[in-house]
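Residue numbering restarts at 1 for every chain, and letters A, B, ... go by the order of the sequence lines.
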Amino acid sequence: MYSYDFRVTGYPFRLYSGKDALNSLPDEVERNRARRAFIVCGRTVSRKTTVVARMRQLLGEQLAGVFDEIDKDTTRSSIVRAVAAARAAQADLVIGVGAGTVIQGARIVTILLAEKRPVEELVTQYPEHGPAISPKLPEPKLPIINVLTAPTTAQNRAGSRMKDDATARGMEFFDPKTRPVAIFWDTDALLTAPPQLIRTGAAAIYCRAVMNLGATSDNPLVEGDRLQAWRLAAGALPRIANAADPAPRFELCAATLLQNRESDDGGSQFVRHWPMRAAYAFSTSLISVFRTSARARATAR
Amino acid sequence: MGTVLRRLGHRDPVAMARIAGALGLESAPAEAPQRIADRMEAEFRSLGMPLRLAELGIERGRLPQVLEISLRNFNADPKREFVREREMLGELLESAW
């Protein structure tokens with residue numbers, strides 16, 4: 001039985017997918033009337049793959065600079081340095097290249113470039129009793145293009161998170177104006193991610209897809225996306241070990257996009273039955289504790 | 001995920017039945033969480049993925065810290081029900097370890 005009480009929100013973006021999809025990047029920058037694109041990424045994708053070098057070549061004079069030191073926790077210090085570099089380069093468009101944390105980092109860079117208040121006034125607040133409060137971030141943002149190296153639901157969402165270096169506290173931002181104007185699923189870029197990263201991401205995507213099948217109140221728009229997201233994730237899972245095969249990576253990109261579309265079409269980002277709620281809370285907490293421990297061990301060494 | 005499904009699935013029998021149905025798992029409603037958990041664990045095991053928290057290198061002594069952070073997850077718990085379930089959720093984490 002369908003529920004007819006729902007709200008749909010649409011956000012325009014262009015998606016370029018396939019072999020040599022990145023060749024359309026210069027036209028996309030031009031379409032957004034940008035002349036000084038700025039790449040934000042991590043060290044590995046920049047220094048151990050050819051993706052960024054290829055983008056430099058493609059963009060030529062359209063590229064104003066590259067900041068390639070966003071770390072895997074999206075630390076505040078790395079974001080602050082990226083903002084300074086983008087400002088010095090007079091960036092008029094930001095290109096995030098990477099997986100979820102870098103894509104979120106690119107969003108925060110555009111927020112901090114534009115907003116004038118202190119960071120602490122921009123982040124979501126969590127009162128002890130009551131719902132979270134995300135401050136309105138009114139300033140216009142630079143357009144964002146996301147180039148994925150791994151499937152992620154972060155590809156076209158508006159939320160982002162960085163970690164404060166001093167306190168290890170997560171700082172979350174929400175700004176619909178940081179949704180991307182374009183997304184690229186390029187074969188060579190997607191093949192740069194190591195199988196272990198893809199495997200972890202695939203398991204999370206599959207898990208969410210299965211749990212979302214338990215939704216008990218669908219509006220007529222979302223059921224197809226939900227089922228197809230699950231079919232794609234389940235079909236990709238057994239094939240991801242083949243590091244040379246881009247197909248399951250594309251299918252997982254599609255699954256995550258459909259999961260986001262379900263949410264925008266009035267469904268849920270994740271369905272709130274008890275097993276999913278507990279698993280989600282535990283997993284996000286484990287990531288936080290585990291990463292903090294790992295960094296402490298690395299620092300001690 | 002398997003531990004959570006087995007322990008909490010009975011609280012949402014309609015949702016569990018829908019998942020089991022979509023996965024093609026024929027079962028009595030009470031058995032649905034178990035069947036779903038078995039299926040998902042088989043998928044993860046085939047990928048060589050760990051099924052227990054201990055296999056991830058999580059220290060058992062850190063579980064209380066994990067629990068405390070979990071209790072404050074607004075996205076998972078918008079009605080703040082977790083605080084009332086602290087003991088059960090703590091036991092669940094121990095079971096998953």
Side-chain angles (χ1 to χ4, degrees), chain A residues 124-133 159 170 172 195-196 199-200 202-204 206-218 223 226-227 230-231 233-234 237-238 240-241 269-290 292-294 297, chain B residues 1-23 32-33 36-37 39-40 43-44 46-50 53 56-59 62-83 85 88-89 92-93 96-97:
Chain A
T124 301
Q125 306 295 322
Y126 291 93
E128 190 66 27
H129 303 287
I133 301 167
E172 293 164 7
Q196 194 171 357
R199 187 183 71 162
T200 306
Y206 169 77
C207 206
R208 177 173 287 188
V210 172
M211 291 297 100
N212 281 2
L213 294 173
T216 54
S217 177
D218 286 336
E223 188 177 28
R226 179 179 302 144
L227 286 169
W230 168 67
R231 286 190 197 105
L237 210 56
I240 54 174
Q269 184 66 13
F270 67 91
V271 173
R272 289 187 174 89
H273 48 66
W274 269 94
M276 186 59 185
R277 291 172 58 197
Y280 180 81
F282 288 159
S283 61
T284 52
S285 175
L286 282 162
I287 289 168
S288 173
V289 172
F290 191 57
T292 304
S293 303
R297 284 196 297 274
Chain B
M1 193 75 229
T3 307
V4 173
L5 277 162
R6 292 186 184 97
R7 186 71 179 265
L8 294 177
H10 71 278
R11 292 189 177 199
D12 293 287
V14 177
M16 296 300 108
R18 289 183 70 113
I19 295 173
L23 295 179
I36 299 164
R39 164 69 74 87
M40 294 184 76
E43 298 269 14
F44 294 144
S46 71
L47 294 174
M49 297 199 72
L53 295 181
L56 289 169
I58 306 290
E59 298 161 29
R62 304 297 294 271
L63 294 184
Q65 186 185 359
V66 173
L67 175 64
E68 290 307 315
I69 296 173
S70 302
L71 295 177
R72 298 195 301 268
N73 190 312
F74 181 80
N75 286 333
D77 185 32
K79 295 179 183 171
R80 295 289 197 248
E81 295 171 297
F82 283 2
V83 176
E85 306 269 5
M88 179 277 291
L89 291 168
L92 184 52
L93 261 181
W97 191 83

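Note on B:L71, B:V66, B:L92, B:L5: by heavy-atom pairs under 4.5 Å with chain A, the leading option is B:V66. Heavy-atom pairs under 4.5 Å with chain A peak, among B:L56, B:L89, B:L67, at B:L89. Interface remark: of the candidates A:T216, A:T284, A:I240, A:T216 forms the most heavy-atom pairs closer than 4.5 Å to chain B.
Residues forming a salt bridge (charged side-chain N to carboxylate O under 4.0 Å, His left out) with A:E223 (at least two apart in sequence, or on another chain): none. Partners of A:E172 by salt bridge (charged side-chain N to carboxylate O under 4.0 Å, His left out), not counting sequence neighbours, listed by chain and number: A:R161.
Side-chain atoms of A:R277 come within 3.5 Å of backbone N or O of B:A76 as a donor-acceptor pair.
A 4.5 Å side-chain heavy-atom check between B:E81 and A:W274 finds at least one atom pair inside the cut-off. A 4.5 Å side-chain heavy-atom check between A:H273 and B:R11 finds every atom pair outside the cut-off. The shortest distance between side-chain heavy atoms of B:R18 and A:D218 falls below 4.5 Å. Proximity of A:F282 to B:N73: side-chain heavy atoms (C-beta onward) are nowhere separated by under 4.5 Å. A heavy-atom distance below 4.5 Å is not found between the side chains of B:E43 and A:V210.
Going from atom CD1 of B:I19 over to atom CG of A:N212 covers 8.5 Å, rounded to the nearest 0.5 Å. Distance check, rounded to the nearest 0.5 Å: CZ of B:F44 to CG of A:L237 gives 7.0 Å. The distance from atom CZ of B:R62 to atom CG of A:L286, rounded to the nearest 0.5 Å, is 10.5 Å. In this structure, B:L93 CG and A:S285 OG are separated by 7.5 Å, a value rounded to the nearest 0.5 Å.
For chain A, the nearby parts of B:M49 are the backbone and the side chain; heavy atoms of each come within less than 4.5 Å.
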